[in-house]
Protein chains: 2
Amino acid sequence: MTIRVIIVDDQAMVRAGFAALLSAQSDIDVVGEAPDGRQGIEVGRATRPDVVLMDVRMPEMDGLAAARELLDPPPGVVHRPKVLMLTTFDVDDYVYEALRAGASGFLLKDAPPADLISAVRVVAAGEALLAPSVTRRLIADFARQRPAPRKDPSLRLNGLTPRETEVLELIARGLSNQEIAARLVLAEQTVKTHIGRVLAKLDLRDRAQAVIFAYESGLVSPGA
Amino acid sequence: MTIRVIIVDDQAMVRAGFAALLSAQSDIDVVGEAPDGRQGIEVGRATRPDVVLMDVRMPEMDGLAAARELLDPPPGVVHRPKVLMLTTFDVDDYVYEALRAGASGFLLKDAPPADLISAVRVVAAGEALLAPSVTRRLIADFARQRPAPRKDPSLRLNGLTPRETEVLELIARGLSNQEIAARLVLAEQTVKTHIGRVLAKLDLRDRAQAVIFAYESGLVSPGA
DNA sequence: CGGGGTGTCGTACCTGGGTATGAGGCCCGG
DNA sequence: CCGGGCCTCATACCCAGGTACGACACCCCG
């Protein structure tokens, strides 16, 4: 199975270069090109590539918007290519936007040609790949935001019994004591007892603070 | 400047293989080896390498603990090598632990030899590099946790007046009505009025649900 | 100028939620 | 078999928080 690729970049020379480079590979076919995001989407819909090489900065419609459109297509469109973002300059803030949108990778154009080729293969295989500098930033970001599942709360979470944890989670879902009791088939007073212990153990004042704790400790997460 | 590397792995053959591979590079010197984490730390302190290749699973002291020790040394030890984690099997949960601890990379041992070599160079340069499957997971994780500031609630948030939003945020920080009143220099009753309106507008029952809304809408975020 | 939105506060009421104390049953490990 | 942790529930008390109704002062816009 050859890998079907399209190249979206506003510079014709860049497109030609990449196309030549990739076409030379026996397992890669360049099946289309486009000079801006809008046309990139059209070509993407028409040729149904496995991988889209997408420049970030482009006239008409930037790579980010185009990537979003391809990765989260309107109803009726079933094709969902992998998107590999490319940028000339060092990592701009678009990186995070692109990754959020579901891009499979992010490379600098000054990377060795071999990297681009292997990146296409990696992405086509469903894996992901980033430029080293991007990787570093992502890791740093990752480590910064979760310096060990909150040493503070999370460790203290271990002090909770299973039942208490269960109750805490329901609190964090917005249930009243009555509803929790019903859900767990308990007397309301029992729920109160559990909550009392949770608040005491975690040094919290009320259920509102308990909700905060649940989110901060990762017991529950936004969007879950 | 040659890159000084040590190899920590419990399998002698693996060490020998990597050493041979890396030593063949003119810009890389293998200056030490160790069969377990404990000795790895000793060798690391003694030889002061630029990069430590560290197997994850090892007897005596696993790679994770050893990496942590090297990356966050006790007072008095100034040397801080880069750590590149290696694992035989597919990505275990240790990945996140390693990245949190400050590792610069994570590779599978079945990666092409060229990858290992370039990885060492990348890491030595202060950048980072991950196995594609790890990258994919990290990106997925990243995208999952910040799927672009919530559209739904966020829109409803627009129905709130500035003051109401302000009060909501303080609720989400765990403050009591009294504390909010003090903070905003208001009568407690005024705070209650605002809260009442917030709850009505957002169709919430109590401040606990308000906290949930604040997190889900992105008004406040974990770790912020 | 008149009205609507916002912000402020008062009085009054009621209940859900948190606290205190005690107690019975279950199960595990020493 | 006994002690301790966990889960369960009851009775009783108190108050922060939420609701209802009304009021006054701005400010801006039609």
Side-chain angles (χ1 to χ4, degrees), chain A residues 149 152-220, chain B residues 152-220 222:
Chain A
D152 206 28
S154 193
L155 280 187
R156 289 191 293 167
L157 210 165
N158 294 338
L160 298 186
T161 69
R163 201 54 158 172
E164 287 161 359
T165 306
E166 201 172 358
V167 170
L168 174 55
E169 183 170 344
L170 291 180
I171 291 178
R173 304 247 171 255
L175 303 204
S176 70
N177 290 346
Q178 267 194 8
E179 291 166 341
I180 295 175
R183 179 80 72 94
L184 300 182
V185 196
L186 288 177
E188 185 179 347
Q189 180 49 43
T190 304
V191 175
K192 286 189 175 185
T193 303
H194 286 310
I195 294 179
R197 280 202 257 273
V198 169
L199 297 182
K201 285 183 181 178
L202 302 179
D203 190 30
L204 304 171
R205 182 168 40 190
D206 51 36
R207 67 201 298 109
Q209 291 191 351
V211 174
I212 296 174
F213 178 89
Y215 275 95
E216 294 294 337
S217 69
L219 210 205
V220 302
Chain B
D152 189 35
S154 193
L155 283 185
R156 286 194 296 165
L157 212 163
N158 293 340
L160 298 185
T161 69
R163 202 55 159 172
E164 285 162 359
T165 306
E166 202 172 357
V167 171
L168 175 55
E169 182 170 345
L170 291 179
I171 290 178
R173 303 254 172 249
L175 303 204
S176 70
N177 290 346
Q178 267 193 9
E179 291 166 342
I180 295 175
R183 177 81 72 97
L184 299 181
V185 196
L186 290 177
E188 184 180 348
Q189 181 49 42
T190 304
V191 175
K192 286 189 174 186
T193 303
H194 286 310
I195 293 180
R197 281 202 259 273
V198 169
L199 297 183
K201 285 183 181 177
L202 302 179
D203 191 31
L204 304 172
R205 182 168 38 187
D206 51 37
R207 65 201 299 107
Q209 291 190 352
V211 173
I212 296 175
F213 178 90
Y215 274 95
E216 294 294 336
S217 69
L219 211 205
V220 301

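Residue numbering restarts at 1 for every chain, and letters A, B, ... go by the order of the sequence lines.
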Study note, to complete from the structure: Contact string for nucleotides 15-20 of chain C, one letter per nucleotide 5' to 3', B = base within protein heavy-atom range under 4.0 Å, S = sugar-phosphate only, - = neither, reads --BBBB
**Study point:** Where at least one partner belongs to residues 180-190 of chain B, residue pairs that pass salt bridge (charged side-chain N to carboxylate O under 4.0 Å, His left out), sequence neighbours excluded
**Key:** none
Check your understanding: Is there a side-chain contact between L202(B) and L160(B), using heavy atoms and a 4.5 Å cut-off?
Key -> yes
Review point. What do the steps show when you test V191(A) against L184(A) for side chain to side chain contact (heavy atoms under 4.5 Å, CB included), and what is the final call?
Key: CA-CA 9 Å; V191(A) 175; L184(A) 300 182; 5.7 Å; no
Exercise for review: Could you list the residues that satisfy side chain to side chain donor-acceptor pair (under 3.5 Å) with E164(B), not counting sequence neighbours?
Suggested key: T161(B), K201(B)
Review point. Could you give the distance from CD1 (I171(A)) to CD1 (I180(A)), rounded to the nearest 0.5 Å?
Key: 5.0 Å
Exercise for review: Please check if atom CD in Q189(B) has more than 12 non-hydrogen atoms from other residues, nucleotides or ligands closer than 6.0 Å.
Suggested key: yes
**Study point:** Where chain B begins and ends its contact with DNA chain D, read 5' to 3' at 4.0 Å from heavy atoms
**Key:** dG17(D) to dA20(D)
Practice item. Could you tell me the separation between the CD1 atom of I180(B) and the P atom of dT8(C), rounded to a whole number of Å? Key: 13 Å
Exercise for review: Kindly say whether F213(B) contributes a backbone atom to a donor-acceptor pair with the side chain of S217(B) at under 3.5 angstrom?
Suggested key: yes
Practice item. For E169(A), check salt bridge (charged side-chain N to carboxylate O under 4.0 Å, His left out) against everything at least two apart and list the hits. Key: R173(A)
Review point. Taking five pairs at each end, how big is the angle between the two axes of the helix from dC1(C)-dG30(D) to dG30(C)-dC1(D), to 10°?
Key: 40°
**Study point:** Minimum heavy-atom distance between L204(A) and A210(A), given as atom pair plus value
**Key:** CD1-CA, 3.6 Å
Check your understanding: Which atoms form the tightest heavy-atom contact between V211(B) and A172(B), and what is the distance?
Key -> CG2-CA, 4.0 Å
